[in-house]
Amino acid sequence: MIEKAIIKQTHLVKKTVCIEADQLPALFEYTEYLPFEFGIYKDGPTFFEIAPSQYQEEKQTYDVYIPINTEVASTDDFTYVPSLEIKGLRKRVPFEEGLDEHLNSMKDYMREEGLAIPDKLFLIITPVYGQLFADIIIPEEN
């Protein structure tokens, strides 16, 4: 089901990576077990931002946002992001199903509604009882 959503998260660290699409599950697993300093821990699902126009490229650039429990200083590896708010359309799907068909149905819906389709989307990947789910979020154009 496609629904309107507002996703808000505070205290994130961000890193930009360039990887092949089939490396996304490994990147997700890495973010799940990323060690932090004592007293700092991951406290929410990982957000991946990508431009869909890159899908046909050999490598894609992802902005990876990892929510943490407190403010930290930026480093050479990560940039601190105080808050992130995403307003747009969301569809939750099992990650193993593949995302292309669901993304295309979301774009069809947006065309039918006369909404602009940006070259940006977010994937929020959440493990639930051993299965991965992806929230596909296409942000509203401002």
> Are Ile124 and Tyr62 in one and the same hydrophobic cluster, where Ile, Leu, Val, Met, Phe, Trp and Tyr link if side-chain heavy atoms are under 4.5 Å apart?
Replying inline: no
> So if you build clusters from Ile, Leu, Val, Met, Phe, Trp, Tyr with side-chain heavy-atom gaps below 4.5 Å, do Ile6 and Ile138 land together?
Replying inline: no
>> Between Leu89 and Lys91, does the side-chain contact (heavy atoms from CB on, under 4.5 Å) criterion hold? Intermediate values first, please.
In response: CA-CA 7 Å; Leu89 295 177; Lys91 185 174 186 180; over 6 Å; no
> Quick one: CD on Glu29 to CD on Gln23, what's the gap to the nearest 0.5 Å?
Replying inline: 13.5 Å
> Leu121 and Pro139: which non-hydrogen atoms are nearest, and at how many Å?
Replying inline: CA-CD, 4.1 Å
>> Counting only heavy atoms not in Glu101 (residues, nucleotides, ligands), do more than 12 fall under 6.0 Å from its CD?
In response: no
>> Using side-chain contact (heavy atoms from CB on, under 4.5 Å), reason through Ile66 and Phe78 one step at a time and then give a plain yes or no.
In response: CA-CA 10 Å; Ile66 303 168; Phe78 293 96; 4.2 Å; yes
>> What's the separation between atom CG in Leu115 and atom OH in Tyr109, rounded to the nearest 0.5 Å?
In response: 7.0 Å
>> Under 4.5 Å between side-chain heavy atoms, counting indirect links through other Ile/Leu/Val/Met/Phe/Trp/Tyr residues: same cluster for Ile50 and Val13 or not?
In response: yes
>> Testing the basics here: between His102 and Ile136, what is the closest heavy-atom pair and its distance to 0.1 Å?
In response: CB-CD1, 3.8 Å
>> Please report the interatomic distance CD(Glu85) to OG1(Thr10), rounded to the nearest 0.5 Å.
In response: 11.5 Å
>> Return the CG to OG1 distance between Leu12 and Thr46, rounded to the nearest 0.5 Å.
In response: 10.0 Å
> Do other residues, nucleotides or ligands put more than 12 heavy atoms under 6.0 Å from Glu20 CD?
Replying inline: yes
>> Which heavy atom of Arg111 sits nearest to which heavy atom of Ile117, and what is that distance?
In response: CG-CD1, 3.8 Å
> With Phe47, which of Val64, Asp63, Ile86, Ile137 fulfils side chain to side chain contact (heavy atoms under 4.5 Å, CB included)?
Replying inline: Ile86
> Rounded to the nearest 0.5 Å, what separation is found between the CG atom of Asn69 and the NE2 atom of His11?
Replying inline: 8.0 Å
> Shortest non-hydrogen contact from Pro45 to Ile125?
Replying inline: CB-O, 3.6 Å
> How about Glu58: does its CD atom have over 12 heavy atoms from other parts shown lying under 6.0 Å from it?
Replying inline: no
> How close do Lys14 and Val81 get, heavy atom to heavy atom, and via which atoms?
Replying inline: CB-CG2, 3.8 Å
>> Is there a side-chain contact (heavy atoms from CB on, under 4.5 Å) between Ile7 and Leu84? Walk through the geometry before answering.
In response: CA-CA 8 Å; Ile7 308 294; Leu84 179 66; over 6 Å; no
>> Hydrogens and angles aside, do Glu49 and Tyr65 bring a side-chain donor and acceptor to less than 3.5 Å of each other?
In response: yes
> Gln131 side chain to Pro94 main-chain N or O, any donor-acceptor pair under 3.5 Å?
Replying inline: no
>> Minimum heavy-atom separation for Ser74 and Tyr80, please, with both atom names.
In response: OG-N, 2.8 Å
> Which distance, rounded to the nearest 0.5 Å, do you find between the CZ of Arg90 and the CE of Met106?
Replying inline: 9.5 Å
>> Run the side-chain contact (heavy atoms from CB on, under 4.5 Å) test on Leu123 and Leu24 for me, step by step, so that the C-alpha distance in whole Å, both residues' side-chain angles and the decisive distance to 0.1 Å come before the verdict.
In response: CA-CA 11 Å; Leu123 298 175; Leu24 184 60; 4.0 Å; yes
> So if you build clusters from Ile, Leu, Val, Met, Phe, Trp, Tyr with side-chain heavy-atom gaps below 4.5 Å, do Phe133 and Leu103 land together?
Replying inline: no
> With a cut-off of 6.0 Å (strictly less than), are more than 12 heavy atoms of other residues, nucleotides or ligands near NZ of Lys120?
Replying inline: no
> Salt bridge or not for Lys59 and Glu57, using N-O below 4.0 Å?
Replying inline: no
>> Quick check: is Ile19 connected to Leu99 through a chain of hydrophobic side chains (ILVMFWY, heavy atoms under 4.5 Å apart)?
In response: yes
